[in-house]
Colleague: 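Pasting a structure below so you can have a look.
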Amino acid sequence: MSAVSETHDNHHHDHAGHGYGDNSKLYIHIFRDDLGSKVGMWLFLFTEVLLFGGLFFLYFGYRVADPQAFHDAALNLDVMLGAVNTIVLLTSSLTMVLAIVAIQRDSVKLSLFYLAVTIACALTFLVNKYFEWSAKIHHGIYPGSDHVAEMPQGEISFFGLYYLMTGLHTFHVIVGAIIIAVCMVFIVKKHINKDKYIILENSGLYWHLVDLIWIFLFPLFYLLH
Amino acid sequence: MSDVSIDINKSSREIQEENHNKGEYTTFYDVKTKYKGILSWLLTTDHKRIGLMYLYSLMGFFLVGLTLAFLMRFEMLTPGPTIMDAQEYNSAFTLHGVIMVFLFIIPGIPAVFGNFIMPMQLGAEDVSFPRLNLMSYHLYLIGGFMALGSLIFGGTAIDTGWTFYVPYSLRTGADVILPLMAAFILGFSSILTGLNFVVTMHRMKVKGMGMFDMPLFSWGLYATAWIQVIATPVIGITIVLVVLERAFNFGIFDPALGGDPVLMQHLFWIYSHPAVYIMILPAFGVMSDVIATFSRRQIYGYKAMAISMMAIVFVGYMVWAHHMFTSGMSDFARAMFSFFTFLVGVPTGVKIFNWLATLWRGSIKITVPMFFSLASIFLFSIGGLTGLVLGALSTDVHLHDTYFVVAHFHYVILGGILTMFFAAFHYWFPKMFGRMYNQKVAMFGAIMYFIGVNVLYFPMFIMGYQGMPRRYYDYLPEFQIYHVISTVGSWILITAILTMIINLFYAIKNGRVEKGNYWEAMTMEWEDSPSPPPLLNFEKTPVFRHGPYDYPDFSDEKIEEAK
Amino acid sequence: MSNHAELHEEEHHEEHPGYGFYTAIWIGLIALTGLTVAIAGVDMGMYTVPLALLIACIKSMLVLNYFMHVKFDNILVKVFAAGCGVIIALVIIFLGFDVFIGGS
């Protein structure tokens, strides 16, 4: 939170900027509440955590029911690919936070550079995932395939969860990359600047959450040997 | 409602203050906006207009659900087919459940009265994220029309019951995907409302007002908003998984592929039990405000009331599996969940006692909202106490999936929540529209409603106890007498509801004009703002002067007089 | 906006950490990743899973506290984040009543 952030204060009305969407000309009604936006973002992140939480609950249930099947099925996953993706995501988290530091210090170009690196990391992650999944699908391991249907039931659950959890996570990576790209546009257009960077901070929170979930997915799926 | 000319270069606050000095103001209905006509409603970010749009849409969906209920009850008048066949009956009770739960009672009080009243109770001009608020309404509309669409265009309408348990929901030929996606979108809408309210109540309170200075209606919404945020995502993922399982055979829930249907039930109830508290907590809030206003007393044990709501949130989150006592859980889990179920009774009991203690020595005035509140304490107590009968393991085995459960649930929902929805409607009606309804007709409707609920649902306790299973299309002749009484009760209830709704909607345009603090309440939305409110809710930025229920203490005076 | 300076006293916190500080956290995270991969190769019987999860928890605490700034944030954010963690933990424990102690 910077020095310009506003605490809640009903008296304060800026006569510039956007206000009520439906009457922006007539009724200018704006006050900034950066802490409020941030708390809102955190609440949204909790809903995301609980969305994944449902899948983690299922993982917990099925793994306790048949640990051996999970162990056997996990042998099909490539630890190296998983580890590389972990490092890629951790690095992207670092560059994300550095981009915020840069914008706080008014280094616009440096900030843009760090965000570009973050997106590059996201793309690397996706390419990596593409190779990982296409290898699996090539071996006939995908939901509903005949090969999977012949497996022991615990392993079917494992691969079901594997595709669902990493799939949902990958979806979040794609969304996060798009959000970061939008942030870059905002920085170029000076909507995000030294005094007003709550959008970048909130996008950063989202991106770190994507990282956070992967930190748990990695040992739960790849490190069962 | 004067039409004031507007200078384009002035801020709304300047205009309002000028008009105030002239002794007049522009209500939010008459204010000129960027968009004209219907768009000035559909694209508004004003929390009051959004609240009213929710009101009209909710009432529309409610009438659809009510029609389905009427048809179902009519079908049960005689054994065997009466007006529909078995498949239609399955679809009717499913759609009745889906529409009433997801489209009416869950958004219910928070979306309508929460949106309209809560920011005013805090002395705020709007919610924290007005545009998110509008988006939440749009999602609600989309979800609503998808649910209705499946009723009209979906071929065989969904017949799984609103619980859509696997494996039946994976195998049925009926249209499952569209209504489930509707429920997913409605969940999103609910999350956004909850998120918005939590932030609003932390960040938008007028200067000087602390968390424990908020009216209890706002506290009820705060507790509700937390459940919306922490529980709704779980139903979201459950719905997605059922849809994916149906489409691609992931092997997550399908027992043929090693899935565990009991885990699906766990996930479903992790949301759907707290959802009951999403429905009831705002009702508790309305009850507290109404009882304090019409007893002219400080609510008894204000802090205990606020804290007990939060206690209900967190204990209530941990009792979901009491819906699954006969699903084959472990005995230890059944015992634990039964124990916690009884524990929820404690904060709920605190609330009931505190309301009664507030009435004690109060200067009670029986108005329509007050009548509803008193009726609600009675009906909700029946619903709540029979809930304990179902929460006990041994009795639940006997009563599970019988009409006893149906009666318990509807005593809670209609007795506890719908009554308070109508109480809130009658209580804040003069605030929202600046007009007054016919109180005699409303009181007649309210009394009919009370009779109707009891005649409709009490026989269900008896036939449920005797073994009449729920969701059955047909029944043995020995149950017919109860079904007949119950169906007659449904006619009384529906007549009462229609009477009240027509009375209220007639008064929106034709009621007597009432501009001020009609009930002489002490909360900010009544005291500091005219009715109907101006665009920014208050003519001047309000000042926090006293707690929400600082009524002069009549009881002491009376004691003195008596001496 | 300067006239509101006195209002944000409560939201002030110590200076933002710099580039070097975050890079150090990142090195720690990479090291922990290496550790968890290395440990996974060693057979430690029943301790393997708890150990992997413990390392994951340490890593997530680092990300939460520093990258996501919780350590420096308003008390509201801290309480919310802790509450969310508690709820997930409780649900898993309660689910465990059924899942672990299989009766049927």
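All values reported here derive from a predicted model rather than from experimental measurement.
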Colleague: Report which part of A/Ser93 has an atom under 4.5 Å of a heavy atom belonging to chain C: side chain, backbone, both, or neither.
Modeller: both
Colleague: For the residue pair A/Phe60 and C/Ile92, what are the closest heavy atoms and their distance?
Modeller: CE2-O, 3.6 Å
Colleague: Counting heavy-atom pairs under 4.5 Å with chain C, which one of A/Leu220, A/Val39, A/Val64 comes out on top?
Modeller: A/Val64
Colleague: Quick one: which of A/Thr91, A/Ile87, A/Leu209 has the most heavy-atom pairs under 4.5 Å with chain C, could you say?
Modeller: A/Thr91
Colleague: Using a 4.5 Å heavy-atom cutoff, which residues in residues 45-55 of chain A come close to chain C?
Modeller: A/Leu45, A/Phe46, A/Val49, A/Leu50
Colleague: Of the backbone (N, CA, C, O) and the side chain (C-beta and beyond), which part of A/Leu110 lies under 4.5 Å from a heavy atom of chain C, both, or neither?
Modeller: side chain
Colleague: Let me confirm one number: the CD1-CG distance from C/Ile27 to A/Leu90, rounded to the nearest 0.5 Å.
Modeller: 12.5 Å
Colleague: Does a sphere of radius 6.0 Å around CZ in A/Phe131 hold more than 12 heavy atoms from other residues, nucleotides or ligands, not counting ones at 6.0 Å or beyond?
Modeller: no
Colleague: Hey, does C/Val70 have a side-chain heavy atom less than 4.5 Å from the side chain of A/Trp42?
Modeller: yes
Colleague: Would you check, one step at a time, whether the test side-chain contact (heavy atoms from CB on, under 4.5 Å) holds for C/Asn74 with A/Lys38?
Modeller: CA-CA 10 Å; C/Asn74 189 289; A/Lys38 203 177 203 178; over 6 Å; no
Colleague: Which pair of heavy atoms, one from C/Ala40 and one from A/Leu223, lies closest together, and at what distance?
Modeller: CB-CD2, 3.7 Å
Colleague: Can you pull the side-chain hydrogen bond (donor to acceptor under 3.5 Å, both in side chains) pairs that have at least one residue in residues 50-62 of chain C, sequence neighbours excluded?
Modeller: C/Thr33-C/Lys59
Colleague: Quick one: what part of C/Val37 sits under 4.5 Å from any heavy atom of chain A, side chain, backbone, both or neither?
Modeller: both
Colleague: Given a strict heavy-atom distance threshold of 4.5 Å, which part of A/Tyr114 is in contact with chain C: side chain, backbone, both, or neither?
Modeller: side chain
Colleague: Is any side-chain heavy atom of A/Phe218 closer than 4.5 Å to one of C/Thr36?
Modeller: yes
Colleague: Hey, which of C/Tyr66, C/Trp26, C/Tyr22, C/Phe80 has the most heavy atom pairs under 4.5 Å with chain A?
Modeller: C/Trp26
Colleague: At a heavy-atom separation under 4.5 Å, does C/Ile88 approach chain A through its side chain, its backbone, both, or neither?
Modeller: both
Colleague: Please find the pair of heavy atoms, one from C/Tyr19 and one from A/Ala102, that lie closest to each other, and give the distance.
Modeller: OH-CA, 3.3 Å
Colleague: If I compare all heavy atoms of A/Phe57 with all of C/Val91, which pair ends up nearest, and what's the gap?
Modeller: CZ-CG1, 3.4 Å
Colleague: Check ring-ring contact (aromatic ring centres under 6.0 Å, His included) between A/Phe125 and all other residues, then give those that pass, not counting sequence neighbours.
Modeller: A/His169, A/Trp214
Colleague: Using a 4.5 angstrom heavy-atom cutoff, name the option from A/Ile215, A/Leu98, A/Val97, A/Leu94 with the most pairs to chain C.
Modeller: A/Leu94
Colleague: Run C/Val49 and A/Arg63 through side-chain contact (heavy atoms from CB on, under 4.5 Å) and show every step you take.
Modeller: CA-CA 11 Å; C/Val49 178; A/Arg63 173 141 181 202; 3.0 Å; yes
Colleague: Partners of A/Gln153 by side-chain hydrogen bond (donor to acceptor under 3.5 Å, both in side chains), sequence neighbours excluded?
Modeller: none
